[in-house]
Amino acid sequence: MTRYLIRRTISAVIVIWAVATLVFFMLRAVPGDPFRAMLADVDPQAADELRRKFGLDRPMYIQYFLWMGRMAQGDLGNSIYGSNVSVSRIIAEAFPRTLSLAGLAFVISLILAISAGIVSAVRKNSALDHAFTFFAFLGLSMPDFWLGILLIIVFAVNLQWLPAIGYVPLSKGFWPWFSHLILPAIAAGTPFSAIVARMTRSAMLEVLNSEYIKVARAKGLTEQSIVFRHALKNALIPVVTVMGIAFALLMSGAVIVENVFAIKGLGRVLIQGILNRDYPVVQGAILVVAVIFVFTNLLVDVLYTVIDPRIRYEG
Amino acid sequence: MTETTDSLPLPGSLVETTPRRRSSWGWLRTLWRSKPAVLGLSFLLLLVIGALFAPAIAPYDPNAQDFEFLEAPSLAHLLGTDDLGRDLFSRIVFGARISLFVGVSTVLLSSVIGVFLGLLAGYYGGWIDNIIMRYIDLQWAFPNFIIAVYLVAVFGTGLENVIIAVTLAFLDDFARVVRGMVLSIREREYVLSARALGASDARILWRHILPNATAPVIVQATVSVSYAILAEAGLSFLGLGVKPSTPTWGLILSDSRTFISRGWWLAVFPGLAITLTVLSINFLGDALRDIFDVREYEQEEGGH
């Protein structure tokens, strides 16, 4: 297990390095740089000066090594636009917002999805099961940003129960934080819950038909004890395997939903960076997103071995 | 829906098939028996007709402005008008063209390239497999939409670039499906005997291996079309898609946010168009998955 962990961590670091390298060279492979777009026609000299200041006039391989060296020390460079804030600071400010959004979305959708999945399996082919199935299909087919807009129209504009946009940190109190995040969390978490609910349902159905559950029934255990104490534990194993895919959907949902609800998280930083052609910001944001994905995948694999003792990875 | 709809389309999962003997048209009859699939097909048919004959069907020019700004749905304007007095129904009908075109063309392109890469990797193994799969695995670690967003950042916006970005972002799904398929049948007797009889690699791949991969590729392609349509809408919505004056569902939705309290129809109908389209494709994909008996299975290695 330790050897497996070490091997996986090393390969995770390699993946991150490869992504960083790809991101660095691809962004520079296209003609034109931000200063040409900003200043070339107005003031070519100022553009040259800025290029020198940001080191864009040096040969590309030197830029690459300098960038790698700085990155190893946690320095992601400065934003080209606005007040030259360091990218690390922009990301440090944005990250907790995305984490809050994704975390809340994860918890809410997981609870809803697993409950719906269990009900669907236990009451197979009931009206409720059919309804959940339909909602799961709908949840996977609806664009999350549209769901976000609909939620704003209903709960913020018409009912006026919840604020439409913005973010308030948890330190300002639970309700202000929660009320700003609940709508975006639902919007970002819906495809995730759809997948998890369907997986829970089919895994539960499979387990409920297995021999040991029949034995448990024959022993006269209550249905409640069978479902929760015996079946659920084993049914959750396959659910964990789709967690990686589902979490990826949740994160891409967060990227786009942040732009609907004007939450200045990683997704908004990334999109604003792209629209402004702000290289250092785009690089930094993409890298942080890459690190999140690579380590979630690692976590899911490790979690899998913890939950299912039958699985042993060889180093 | 019964238990046949247990598995939902998941983005890019590996698939495995058990070849089944069926009469060549039997699957159509099975498809016909699935109510959701028939419903989905009917809607898609309407949509394709709408997109093809958009100029005849749309009552107004999608870009014609009028003085009837932000009119609620009425007989004159079925789905209302936008802030410039343009007819929303006409814009949505024309928007179907972009959505369908991007959805279908990107998936055609990425399936051809992905299948080719998957065949090469699975059949030859060794360093070819290594190079191709290192890249595919790298891409596999990230959601397609994030990759598409990044590629648009690199290439720039506009219809061509969106198509390139979405095509590249969806490659890995096809390559993985086909490679897995090839690995499972590469050593089968009929492949080995074809080789013993002196068939060329190209012939073995084309005549003996590829036909086995069609079912999982068709299922994957159906699922991918729905994700590609969502990706295009998302890119347009973020301002990373086609140029702003083009009527697309994602752009109309993006603009609708300014008038959220005065024009609900601007937000509701384009979103409904996307949802119904994607839902129809997913219904169809789910039925195809059952018919071809393509199962998704969990991967044993890392990645997703």
Side-chain angles (χ1 to χ4, degrees), chain A residues 8 11 15 18-19 22-23 26-27 29-30 124-125 130 133-134 136-138 140-147 149-150 152-153 157 164 194-195 198-199 201-202 205 238 241-242 244-246 248-249 251-252 255-256 259-260 270-271 273-275 277 282 286 289-290 293-294 297-298 300-301, chain B residues 1-3 5-13 36 134 137-138 141-146 149-156 226 230 233-234 237-240 249-250 253-254 256-257 260-261 264 267-268 270-272 274-283 286 298-304:
Chain A
R8 282 300 309 268
S11 81
V15 167
V19 170
L22 265 180
V23 165
M26 280 176 79
L27 271 183
V30 277
K124 195 180 144 198
N125 287 335
H130 289 293
T133 302
F134 179 72
F137 265 87
L138 197 64
L140 265 189
S141 307
M142 221 183 335
D144 31 27
F145 50 95
W146 183 54
L147 181 57
I149 294 176
L150 291 185
I152 292 181
I153 291 181
V157 175
I195 290 184
R198 298 306 294 162
M199 200 65 205
R201 178 185 186 271
S202 59
L205 278 178
T241 60
V242 289
I245 300 175
L249 271 183
M251 281 302 294
S252 27
V255 165
I256 198 161
N259 286 280
V260 177
L270 175 66
I271 303 300
I274 292 174
L275 292 173
R277 300 213 75 184
V282 176
I286 280 280
V289 171
F293 281 117
V294 169
N297 286 337
L298 183 61
V300 168
D301 288 351
Chain B
M1 272 163 279
T2 59
E3 65 197 327
T5 50
D6 261 22
S7 46
L8 274 176
L10 302 177
S13 34
R134 284 298 78 75
D137 282 342
L138 190 64
F142 304 95
N144 289 349
F145 183 67
I146 302 268
V149 165
Y150 176 67
L151 290 174
V152 169
V154 172
F155 298 130
S226 71
L230 283 177
F237 180 79
L238 291 173
L240 303 174
W249 297 342
L253 266 179
S254 180
S256 79
R257 284 179 294 173
I260 211 161
S261 49
W264 56 267
V268 170
L272 204 59
I274 303 174
T275 306
L276 288 178
T277 308
V278 174
L279 192 65
S280 302
I281 301 173
N282 283 341
F283 278 160
D286 205 65
E298 297 85 40
Q299 254 182 280
E300 49 301 5
E301 353 148 10
H304 283 212

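Letters A, B, ... mirror the listed sequences (proteins, then strands); counts begin at 1.
- Only the side chain of B:L151 comes within contact range of chain A, judged by heavy atoms closer than 4.5 Å.
- The distance from atom CE of A:M142 to atom CG of B:L279, rounded to the nearest 0.5 Å, is 9.5 Å.
- Between chain A and the residues B:L240, B:V152, B:L272, the most heavy-atom pairs under 4.5 angstrom are made by B:L272.
- Residues A:V255 and B:V149 are not in side-chain contact: their nearest non-hydrogen atoms beyond the backbone lie 4.5 Å or more apart.
- Residue contact with chain B, scored on non-hydrogen atoms closer than 4.5 Å, involves the side chain of A:V157 exclusively.
- For the options A:L150, A:L22, A:V282, A:L275, heavy-atom pairs under 4.5 Å to chain B are most numerous at A:L275.
- Considering every non-hydrogen atom in both A:F293 and B:A141, the closest pair reads CB-O, 3.7 Å.
- Considering every non-hydrogen atom in both A:I256 and B:G234, the closest pair reads CD1-CA, 3.7 Å.
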Note to self: Determine whether B:F142 and A:V19 satisfy the following criterion, side chain to side chain contact (heavy atoms under 4.5 Å, CB included), listing intermediate values before the conclusion.
What the structure shows: CA-CA 10 Å; B:F142 304 95; A:V19 170; 3.7 Å; yes
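- Heavy-atom minimum distance, A:P143 versus B:I274: CG-CG2, 3.5 Å.
- Applying the ring-ring contact (aromatic ring centres under 6.0 Å, His included) rule to B:Y150 yields no partners; only residues at least two apart in sequence or on another chain are considered.
- The side chain to side chain donor-acceptor pair (under 3.5 Å) test applied to B:T277 returns no partner, not counting sequence neighbours.
- Between A:F145 and B:F237, the angle of the ring planes stays under 30°, which puts this pair in the parallel group of the 30/60° scheme.
- Proximity to chain A (any heavy atom under 4.5 Å) is shown, for B:L238, by both the backbone and the side chain.
- In this structure, chain A has a heavy atom under 4.5 Å from the side chain of B:S256, while its backbone stays farther away.
- Heavy atoms only, all atoms of each residue included: B:N282 and A:S141 are closest at ND2-OG, 3.1 Å.
- Proximity to chain B involves both the backbone and the side chain of A:A290, based on heavy atoms less than 4.5 angstrom apart.
- Annotation: the span from A:I152 atom CD1 to B:I260 atom CD1 amounts to 4.5 Å, rounded to 0.5 Å.
- Put simply, of B:A267, B:S280, B:S261, the one with the most heavy-atom pairs under 4.5 Å next to chain A is B:A267.
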